[in-house]
Amino acid sequence: MKKKPIEYVEISTNILKKFDNRLHFDIYVQRTDTDYTKIFKVNDTIDWDRLASYEKKGVKSIFVPQDQYGKYLLFVELLVDKLLSSNNVSALKESVTIVKEMINGCLVEFLSRDVVNETMALQASKTVSSCIEVMDKDTGALTKIIGQMVTKPYLFKHSVTVSLLSILLARGSGIESNSTLNIIGLAGLLHDIGISRLSFDPEDKQQMTPEEQKEMWRHPEIGKRLLDPVKSIRTEILDIVLQHHEQPNGHGYPNGLRTAEIFLPAKIVSIADTFSAMIIKRSYREEYSTFEAINRMKNDVGKFDKNLLLNFEKIILGNKKEES
Ligand SMILES: [Fe+2]
Ligand SMILES: [Fe+2]
């Protein structure tokens, strides 16, 4: 029987540099599109001179095999815990980079695996908690994390942006409980997971066919179904994923719910979702400025919860006036 080729996931060299122990995973460099060479193996201690010599030769990226990726993520989690518990400024800076790596890690898993499992869900929840903790210490961390995502594909950037903006809006609307913020942030991160399971990539399409549009409208249900079997994913998260395209005026999908029937956190994610879709550059159009995005949303009367949108405007624009 033909062996399935091993898949590899890129990891951060900067984070590896914090590793001062024996490795729990193998490390590879990429020779060609399909050819990888193992440079360190489990139980090795890293030979920094050798790693530096690879970097000198132009090796920019290092990889771990997909089946050992969880072990790498575990190390990243421990590292961020350590940094967040110390209160100095440079540790906080480093935490931002590491949280980005955690987000990277959990999204790679969620967007590429056929099924969602308990470990992935717990890792994602831990990632969102670390995001909240970083934001607690530095409110500007949000822009830094989003800014570092520039090279990522759209769905990736969008998921991160929606998660972080949802947490901000929830906070700005008086939600203080960490467990509720975690639910909202996690739902923001996973709200479009159904899109990664469609038969086409909507990012390739400026215009969808009627059949594709119909399939697209099913992504909230597909997402909910995918997450449903995972015990640690709470029902509130499933509700948000299912309802993030509902609108208070009843014109949303999949169920055309009206304002009182829509779960408040779903209204929060809906605002973050639309805003994020507008401020990120798409394959078929330039990004909108934050000012223009907010204005367009305000003009879409009935699509969003009015009070939440006002809070959101305050958070995003503050006292900023239109720059022109
Ligand atoms: Fe969506
Ligand atoms: Fe979305």
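Being a predicted model, the structure only gives us computed values, none of them experimental.
- Counting only distance, with no hydrogens or angles, the side chain of Asp273 and the backbone of Val269 share no donor-acceptor pair below 3.5 Å.
- Checked against ring pair (Phe, Tyr, Trp, His ring centres under 6.0 Å), Tyr288 has no partners two or more places apart in sequence or in another chain.
- Hydrophobic clustering (side-chain heavy atoms under 4.5 Å, transitive across Ile, Leu, Val, Met, Phe, Trp, Tyr) keeps Ile98 apart from Leu74.
- The environment of NZ in Lys281 is sparse: at most 12 heavy-atom neighbours from other residues, nucleotides or ligands sit within 6.0 Å.
- A donor and an acceptor atom, one from each side chain of His158 and His191, are located under 3.5 Å apart.
- The backbone N or O of Lys231 sits less than 3.5 Å from a side-chain atom of Glu118, completing a donor-acceptor pair.
- Between Val115 and Val230 the shortest side-chain heavy-atom distance does not fall below 4.5 Å.
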Trace of the side chain to side chain contact (heavy atoms under 4.5 Å, CB included) decision for Val134 with Val99: CA-CA 8 Å; Val134 167; Val99 163; 3.6 Å; yes

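- The distance from the CG atom of Asn104 to the CD atom of Glu101 is 5.0 Å, given to the nearest 0.5 Å.
- Checked by atom type and distance alone, the side chain of Arg197 never pairs as donor or acceptor with a backbone atom of Ile222 at under 3.5 Å.
- Without hydrogens or angle criteria, Thr180 side chain to Glu176 main chain gives no donor-acceptor distance under 3.5 Å.
- Paired with Phe63 under the rule ring-ring contact (aromatic ring centres under 6.0 Å, His included), one option of Phe40, Tyr28, Tyr69, Tyr36 passes, and it is Tyr36.
- A salt bridge between Arg296 and Glu313 is absent, with no side-chain N of the basic residue lying under 4.0 Å from a carboxylate O of the acidic one.
- Atom CD1 of Ile132 sits about 9.5 Å away from atom CG of Leu164, to the nearest 0.5 Å.
- Listed by chain and number, the residues in a ring pair (Phe, Tyr, Trp, His ring centres under 6.0 Å) with Phe263 amount to none (sequence neighbours excluded).
- Side chains of Glu109 and Gln66: a donor-acceptor N/O pair is present below 3.5 angstrom, by distance only.
- With Ile268 as reference, Ile175 is the one residue of Asp305, Asn311, Ile175, Leu168 to meet the side-chain contact (heavy atoms from CB on, under 4.5 Å) rule.
- Contact record, Ser130 with Met102: OG-CE, 3.7 Å, taken as the closest heavy-atom pair.
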Lys38 vs Ile27, test: side chain to side chain contact (heavy atoms under 4.5 Å, CB included). Steps then yes/no. CA-CA 6 Å; Lys38 194 188 289 182; Ile27 295 176; over 6 Å; no

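- In this structure, Val241 and Leu190 approach most closely via the heavy-atom pair CG2-O, 4.2 Å.
- A donor-acceptor pair is defined here as one N or O able to donate and one able to accept, closer than 3.5 Å; such a pair exists between the side chain of Gln68 and the backbone of Asp26.
- The two atoms that bring Ser232 and Ala121 nearest to each other are OG-CB, 3.4 Å, heavy atoms only.
- Lys267 and Thr259 share a side-chain donor-acceptor pair at under 3.5 Å.
- Between Asp49 and Lys56, none of the side-chain N atoms (NZ, or NE/NH1/NH2) sits under 4.0 Å from a carboxylate O, so this pair counts as no salt bridge.
- The backbone N or O of Lys82 sits less than 3.5 Å from a side-chain atom of Ser85, completing a donor-acceptor pair.
- Side chain of Asp44 to backbone of Lys41: a donor-acceptor contact under 3.5 angstrom is found.
- With Glu246 contributing its side chain and Asn255 its backbone, the two residues share a donor-acceptor pair below 3.5 Å.
- Both tests pass for Lys57 against the ring of Tyr54: distance under 6.0 Å to the centre and angle within 45° of the axis.
- Not counting sequence neighbours, the partners of Glu203 by the salt bridge (Lys or Arg N to Asp or Glu O under 4.0 Å) test are Arg282.
- Using cut-offs of 30° and 60° on the angle between ring planes, the pair Tyr253 and His245 is parallel.
- You'll find the ring centres of Tyr72 and Phe25 inside the 6.0 Å limit.
- Across every non-hydrogen atom of Ile193 and Gly223, the tightest pair is CG2-CA, 3.9 Å.
- Side chains of Val64 and Tyr8 form no contact here, defined as non-hydrogen atoms less than 4.5 Å apart.
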Between Glu55 and Lys17, does the salt bridge (charged side-chain N to carboxylate O under 4.0 Å, His left out) criterion hold? Intermediate values first, please. CA-CA 13 Å; Glu55 285 179 318; Lys17 286 181 180 155; 3.5 Å; yes

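- Here the side chain of Ser129 pairs a donor or acceptor atom with the backbone of Ser125 at under 3.5 angstrom.
- Ionic pairing of Arg225 and Glu221 is not present here: no N-O contact between side-chain nitrogen and carboxylate oxygen is shorter than 4.0 angstrom.
- Put simply, the side chain of Glu215 gets close to the backbone of Ser199: a donor and an acceptor are under 3.5 Å apart.
- At a threshold of 4.0 Å, the pair Glu212-Lys205 counts as salt-bridged, since one of the basic side-chain nitrogens sits closer than that to a carboxylate oxygen.
- At a cut-off of 3.5 Å, with distance as the only test, no side-chain donor of Arg22 or Thr45 sits close to an acceptor on the other residue.
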